[in-house]
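In listed order, ligands and their atoms are each counted from 1.
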Amino acid sequence: MSIIETAPNVTDAVIKHGIMDMPNLEYTAALAKETAHAYERVSSVVPPVEWPAFAPYIKAINELKKERNAVILAHNYMTPEIFHCISDYVGDSLQLAKEAAKTDADIIVQCGVHFMAETAKLLSPEKTVLIPDMKAGCSLAESITGADVRAMREAYPGVPVVTYANCSAEVKAECDICCTSANAVKIVESLGVPRVIFVPDEYLAKYVASQTDVEIIAWKGRCEVHERFTGDELRAVREIDPGVKIIAHPECPPDVLAEADFTGSTTGMINYVKDNQPKKVVMVTECSMSDNVAAETPGVEFVRPCNLCPHMKRITLPKILDSLVYLKVEITIDPDVAERARASVERMVELSK
Ligand code: 13P
Ligand code: SF4
């Protein structure tokens, strides 16, 4: 066996793109000046005392991604210094999937969770796709396996299976078509059948059922962040300020959605705030998203019932820099699984053009 095959850090990505040196991470007066424009973008949500810890990484990442011909895709739940200062594309799961399909970069660094990086790899099989922390998972993705989907099919023969993108490639491979929170109702209705199996999010399934005549057979997965919100806490917020706008993600329980003035994907929620500029708003979703929108909408006051996604929060600037320097951690998918999973993601992308 050759040395290359046994050395732990010599991955396919390293062989293909080569190793680089770790840049200098000193915070100097010159660096403060050079990054001042980036700080301006986040100054309302990042205290000045935190900037010296972020700025050297921001400069290093922005330089290295050009040298590597890499793009950084960042989900709306990334923290502001990632979302506003180093990302090339930001968005909800559907937008990130579409960007992954069209980029001509050599490397994609997915700042989000594992299923998002897998989706990027499915749509860009020839590219090197990296995730800064392999442990960035998702409670929905962990709630179901490919064998569970096969059992559902046996229990309901002939009923097509729609899977929310928040699942593994192995689960996507067992389904007919994928969807995200931005297009779930449209995808379910596109099948033209009276009944569908919808996995893995029980609450998103309930929301879809409330918007369509198609009968929905749901799995029992839940998002550990959104299931914590309650209708009671939102009623309490509205009691204090009856004018407050409540906007919620459809992964929330039905009693939460019943209180909402608007329900939509993360980007749908952001657009609602930007377009309507409410005086006061509660974004009933992961906490960092309010910071990201607040940085761009100074006239809007945010009430923050702050639930953080522990998986999304694993993605940090130091880990993103490590990803670009050492090309880790590379996403690989079994070719047989990938072929079937890709078909279900591509059907979705095609339908949402
Ligand atoms: P979006 O597709 O709306 O961005 O949602 C992804 C997600 O993980 C929400 O918890
Ligand atoms: Fe998964 Fe919920 Fe985290 Fe989104 S917020 S990644 S659905 S656990």
Side-chain angles (χ1 to χ4, degrees), residues 73-79 82-83 87 89-100 110-120 123 131-144 162-168 171-172 178-187 198-208 211 218-229 247-253 256-257 260 262-273 283-293 304-315 345 348-349 352:
L73 306 185
H75 187 260
N76 291 324
Y77 292 164
M78 289 295 105
T79 44
I82 295 175
F83 187 89
S87 305
Y89 301 100
V90 294
D92 62 19
S93 303
L94 179 61
Q95 290 171 311
L96 297 183
K98 286 180 170 173
E99 287 306 333
Q110 181 77 44
C111 295
V113 292
H114 187 259
F115 75 80
M116 294 176 180
E118 273 194 339
T119 305
L123 293 171
I131 183 158
D133 188 330
M134 201 60 163
K135 290 199 197 113
C138 169
S139 64
L140 282 169
E142 271 137 43
S143 75
I144 190 162
V162 177
T163 184
Y164 187 31
N166 299 33
C167 66
S168 64
V171 167
K172 289 184 178 79
C178 208
C179 74
T180 72
S181 57
N183 60 20
V185 177
K186 183 175 166 187
I187 296 285
F198 189 99
V199 299
D201 188 349
E202 178 188 350
Y203 290 146
L204 179 61
K206 283 201 168 117
Y207 171 71
V208 172
Q211 305 293 307
W219 185 248
K220 54 187 185 309
R222 288 183 187 178
C223 162
E224 67 186 86
V225 177
H226 292 91
E227 73 170 345
R228 294 210 297 269
F229 293 106
I247 58 173
H249 194 276
E251 288 171 12
C252 293
V256 169
L257 298 187
F262 173 81
T263 299
S265 76
T266 52
T267 295
M269 295 170 75
I270 293 171
N271 290 343
Y272 179 94
V273 176
M283 289 186 123
V284 192
T285 192
E286 212 269 353
C287 195
S288 294
M289 201 168 97
S290 295
D291 290 339
N292 291 333
V293 188
R304 290 185 173 91
C306 204
N307 289 345
L308 287 169
C309 172
H311 310 289
M312 291 278 182
K313 297 300 86 118
R314 283 183 174 276
I315 309 299
V345 179
M348 167 188 81
V349 173
S352 36

Problem - Any side-chain donor near an acceptor of the partner, Thr79 and Asp291, under 3.5 Å - result: no
Handout entry: Between His249 and Glu286, a side-chain donor and acceptor under 3.5 Å
Key = no
Problem - For atom 4 (Fe) of ligand 2, closest protein heavy-atom neighbour - result: Tyr77 CE1, 4.0 Å
Problem - Distance-only N or O hit between ligand 1 and Asp92, under 3.5 Å - result: no
Handout entry: Nearest atoms (heavy-atom pairs only) where Ile315 meets Ile131
Key = CD1-CG1, 4.4 Å
Fill in the blank from the handout: atom 10 (O) of ligand 1: closest protein heavy atom, distance to 0.1 Å, is Glu251 OE1, 2.8 Å
Problem - Contact atoms of ligand 2, heavy-atom distance to Ser139 under 4.0 Å - result: 8 (S)
Problem - N, O or S from His226 under 2.8 Å to atom 2 (Fe) of ligand 2 - result: no
Practice task
Please tell me if the side chains of Ser181 and Tyr207 come closer than 4.5 Å, counting only heavy atoms from C-beta onward.
Solution key: no
Problem - Within-cut-off N or O pair, Asn76 and ligand 1, under 3.5 Å - result: no
Handout entry: Contact check, His75 vs ligand 1, heavy-atom distance below 4.0 Å
Key = yes
Handout entry: Heavy-atom side-chain contact between Gln95 and Tyr89 under 4.5 Å
Key = no
Fill in the blank from the handout: Looking only at heavy atoms, the pair that brings Phe229 and Pro253 closest together is O-CG, 3.8 Å
Problem - Location of contacts on Glu286 toward ligand 1, heavy atoms closer than 4.0 Å - result: neither
Fill in the blank from the handout: Under 4.0 Å from one or more heavy atoms of Leu140, ligand 2 contributes atoms 7 (S)
Handout entry: Numbered atoms and elements of ligand 1 in range of Ser265, under 4.0 angstrom, heavy atoms
Key = 3 (O)
Exercise for the section: Decide yes or no on salt bridge (charged side-chain N to carboxylate O under 4.0 Å, His left out) for Glu202 and Lys206, but give the supporting numbers first. Expected result: CA-CA 6 Å; Glu202 178 188 350; Lys206 283 201 168 117; 3.4 Å; yes
Practice task
Apply side chain to side chain contact (heavy atoms under 4.5 Å, CB included) to the pair Trp219 and Ser143, showing each step before the final yes or no.
Solution key: CA-CA 9 Å; Trp219 185 248; Ser143 75; 3.7 Å; yes
Exercise for the section: Please indicate whether any nitrogen or oxygen in Ser181 is less than 3.5 Å from any nitrogen or oxygen in ligand 1. Expected result: yes
Practice task
Specify the closest pair of heavy atoms between Gln110 and Pro132, including all atoms of both residues, with the distance to one decimal.
Solution key: O-CD, 3.2 Å
Handout entry: Distance filter under 4.0 Å to Glu251 heavy atoms, resulting ligand 2 atoms
Key = 2 (Fe), 7 (S)
Practice task
Give a yes/no answer: is there an N/O/S atom of Cys309 under 2.8 Å from atom 1 (Fe) of ligand 2?
Solution key: no
Fill in the blank from the handout: Which of Thr266, Ile82, Val90 passes side chain to side chain contact (heavy atoms under 4.5 Å, CB included) with His75? Answer is Thr266
Problem - Test of proximity, His249 against ligand 1: N or O pairs below 3.5 Å - result: yes
Practice task
Could you list which atoms of ligand 1 come closer than 4.0 Å to a heavy atom of Tyr164?
Solution key: 5 (O)
Fill in the blank from the handout: heavy-atom search around atom 6 (C) of ligand 1 in the protein gives Ser93 OG, 3.4 Å
Practice task
Pick one of side chain, backbone, both or neither for how Asn166 approaches ligand 1, counting any non-hydrogen atom pair under 4.0 Å.
Solution key: side chain
Completion exercise
The closest protein heavy-atom partner of atom 2 (Fe) of ligand 2 is Cys223 SG, 2.3 Å
Completion exercise
of all protein heavy atoms, closest to atom 1 (Fe) of ligand 2 is Cys138 SG, 2.4 Å
Exercise for the section: Could you tell me which atoms of ligand 2, counted from 1 in the order shown, lie closer than 4.0 angstrom to a heavy atom of Asn166? Expected result: 7 (S)
Completion exercise
Tightest non-hydrogen contact, residues Cys252 and His226, listed as SG-CD2, 3.7 Å
Exercise for the section: Answer whether the closest heavy-atom distance between the side chains of Tyr164 and Pro200 falls below 4.5 Å. Expected result: yes
Problem - Sub-4.0 Å heavy-atom approach of Glu286 to ligand 2 - result: no
Practice task
Over all heavy atoms of both residues, which pair between Val284 and Met269 is shortest? Give the atoms and the distance, please.
Solution key: N-CE, 3.8 Å
